[in-house]
Protein chains: 2
Amino acid sequence: MKDADTEQHTLEEIRTRFISVMAKNMEVYGISETVGRLYGTVYFHDQPMTLDEMSASLCMSKTSMSTNIKILSEANMVERVWQKGVRKDLYQDEDDWYKSFTTVFIDRWRSATNANLESAEHTKKELQAILDKTNDSMVYEKAATDLSRVEKALDYYAWLDEIIHLFETEQIFDYVNKK
Amino acid sequence: MKDADTEQHTLEEIRTRFISVMAKNMEVYGISETVGRLYGTVYFHDQPMTLDEMSASLCMSKTSMSTNIKILSEANMVERVWQKGVRKDLYQDEDDWYKSFTTVFIDRWRSATNANLESAEHTKKELQAILDKTNDSMVYEKAATDLSRVEKALDYYAWLDEIIHLFETEQIFDYVNKK
DNA sequence: TATTCCGTACAGTATATACTGTATGGATTT
DNA sequence: AAATCCATACAGTATATACTGTACGGAATA
């Protein structure tokens, strides 16, 4: 049988390893490993954490903690909480991971897809204008093929738009239930 | 009325602008802007392209074209094609964007989620082992709370797994039709 | 077989990103 | 009002990524 100190140490190791995997895979969300590790640290901490505690826990500068926690905060993955008598900022993890998924991830897709849609619509109009005006058959042909390519993109973006909508409206949970 | 040369030039500009937006937003797929721009170039090119043509078109080194086209190729966004009498490698865009979406994007999530699931399962077992063995109440409590956190993660990963499955099996198209 | 041509491995360089330490302004306490 | 404490802006440094040019091995041609 191990003694309590060794066990405590083992627990720490287990945590650290789990957090590392977690953090590494957060890159698919567009979240850097360091930021991911910070999230894991906060997630596994029993109480809300101060910047100094994060700094000590990760052996990284307080400045880094400040910038990284801001990223997590804007992604709604952590929230600042208040405790009486505590002057330092305190952060704890946002516990609805499904909600976080949307804010972190879907929001990114939303803005990208909107930009693409807008660009495609605009390009479509420009090409149609050329088709209307030109007398040159070569130009006409080029514009026509380009237009078909842009329209294909538009169709795809529209599909993506609907997918994103599925998550934004939480309709997705009708198809795949929260666990 | 513009003359044909000016119109051609305008067409070029329109293309370039559209491709730029496209490329920039491809970063949500985890594809760099340069690689995205290369894809756009190939997509809008009327014939399959050689590395030299890409190099000339983007004013970038052939080495870059080689590495970047490899990325696109592995993501199934372009394919190498053969033409009689042509010694150079020829690449053209993969026209099923919905399929590409899966290979580029969902595959990334698949491996990340699998890694997370595996890690969580493994951690769960380790913690349960400690719970079984320990005589220290402090250790027991810590392990128990960590376990509940890991289990929460497991639930979430299971949900993600189902989402990914939806795309892999193309069942998603029952809910959101291809355009 | 000798020559040419092609794609890419590799090493070096430039650019971008991540991280740190110091400085500062604002808030709280004394 | 003075002193203390806190988060963060900013500038500088280190690391990682992206890009280029050269060199080379293999395939096609002569």
Side-chain angles (χ1 to χ4, degrees), chain A residues 19-20 22-42 45 47-75 77-92 108, chain B residues 19-20 22-42 45 47-75 77-92 108:
Chain A
I19 290 173
S20 288
M22 212 179 160
K24 192 173 288 169
N25 290 313
M26 276 198 187
E27 289 185 342
V28 296
Y29 290 84
I31 288 175
S32 77
E33 193 172 339
T34 309
V35 176
R37 182 168 286 112
L38 178 61
Y39 177 78
T41 306
V42 174
H45 201 260
Q47 283 84 35
M49 287 182 93
T50 66
L51 293 178
D52 286 318
E53 285 170 338
M54 299 173 203
S55 178
S57 175
L58 288 170
C59 288
M60 289 182 77
S61 72
K62 198 175 174 182
T63 305
S64 272
M65 300 305 99
S66 176
T67 43
N68 290 340
I69 206 76
K70 195 182 173 197
I71 292 168
L72 289 173
S73 188
E74 283 170 358
M77 290 177 68
V78 300
E79 54 176 353
R80 197 152 64 77
V81 293
W82 180 86
Q83 255 177 32
K84 61 174 181 180
V86 180
R87 273 174 70 179
K88 302 187 181 189
D89 287 357
L90 289 167
Y91 292 92
Q92 70 181 19
R108 210 167 298 218
Chain B
I19 290 173
S20 288
M22 212 179 162
K24 191 172 289 169
N25 290 312
M26 275 197 188
E27 288 185 343
V28 296
Y29 291 82
I31 289 174
S32 76
E33 193 172 339
T34 309
V35 175
R37 183 168 285 113
L38 177 60
Y39 176 78
T41 306
V42 174
H45 201 259
Q47 283 86 33
M49 286 183 93
T50 66
L51 293 178
D52 287 319
E53 284 170 339
M54 298 173 204
S55 180
S57 175
L58 289 170
C59 289
M60 291 181 76
S61 72
K62 199 176 173 180
T63 305
S64 270
M65 300 304 100
S66 176
T67 44
N68 290 339
I69 206 75
K70 197 185 171 195
I71 291 169
L72 289 172
S73 189
E74 283 171 358
M77 292 176 66
V78 299
E79 55 177 351
R80 196 152 64 76
V81 293
W82 181 86
Q83 255 176 34
K84 61 174 181 180
V86 179
R87 273 175 68 180
K88 302 189 181 188
D89 288 357
L90 289 168
Y91 292 91
Q92 70 182 18
R108 210 168 296 219

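Numbered from 1 within each chain, the chains take letters A, B, ... in sequence-line order. Below, each value reflects all heavy atoms present in this structure, side chains not excepted, and no hydrogens, waters or symmetry copies.
- If you take CE on A:Met49 and CG on A:Leu51, they are separated by 9.5 Å, rounding to the nearest 0.5 Å.
- Distance CG (A:Leu51) to P (D:dA9): 12 Å, rounded to an integer number of Å.
- Between the P atom of D:dA18 and the NZ atom of B:Lys70 lies a distance of 15 Å, rounded to the nearest Å.
- Checking the phosphate oxygens (OP1, OP2) of D:dC19, a side-chain nitrogen or oxygen of B:Thr34 falls inside 4.0 Å.
- What separates CD1 of A:Ile69 from P of C:dC19 is a distance of 14 Å, to the nearest Å.
- Rounded to the nearest 0.5 Å, atoms CG (A:Leu38) and CD1 (A:Ile69) are 4.5 Å apart.
- Going from atom CE of B:Met60 over to atom CE of B:Met65 covers 4.5 Å, rounded to the nearest 0.5 Å.
- We find that CG of B:Asn68 is positioned 13 Å from P of C:dA9, with the value rounded to whole Å.
- A donor-acceptor distance shorter than 3.5 angstrom exists from the side chain of A:Thr41 to the backbone of A:Arg37, with no hydrogens or angles considered.
- Going from atom CE of B:Met54 over to atom P of D:dC19 covers 15 Å, rounded to whole Å.
- The distance between atom CH2 of B:Trp82 and atom C1' of C:dG7, rounded to the nearest whole Å, is 19 Å.
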Report, as a single string ordered 5' to 3', how protein heavy atoms within less than 4.0 Å touch nucleotides 25-30 of chain C: B base, S sugar-phosphate only, - not at all.
--BSS-
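- Rounded to the nearest 0.5 angstrom, B:Thr50 OG1 and B:Lys62 NZ are separated by 7.5 Å.
- To the nearest 0.5 Å, atom OG of residue A:Ser32 and atom CG of residue A:Asn68 are 6.0 Å apart.
- Rounding to whole angstrom units, CG of residue A:Leu58 and C1' of C:dC19 are separated by 13 Å.
- Here D:dA28 presents its P atom at 18 Å from NZ of B:Lys84, a figure rounded to the nearest Å.
- Considering only residues two or more places apart in sequence or on other chains, A:Lys24 meets the salt bridge (Lys or Arg N to Asp or Glu O under 4.0 Å) condition with none of them.
- In terms of heavy-atom proximity, B:Val28 sits nearest to B:Asn25 at CG2-O, 3.1 Å.
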Walk me through it: do A:Val42 and A:His45 pass the test side chain to side chain contact (heavy atoms under 4.5 Å, CB included)?
CA-CA 5 Å; A:Val42 174; A:His45 201 260; 5.6 Å; no
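- Near DNA chain C, meaning a heavy atom under 4.0 Å from it, residues 59-66 of chain B has B:Lys62, B:Thr63, B:Ser66 in order of number.
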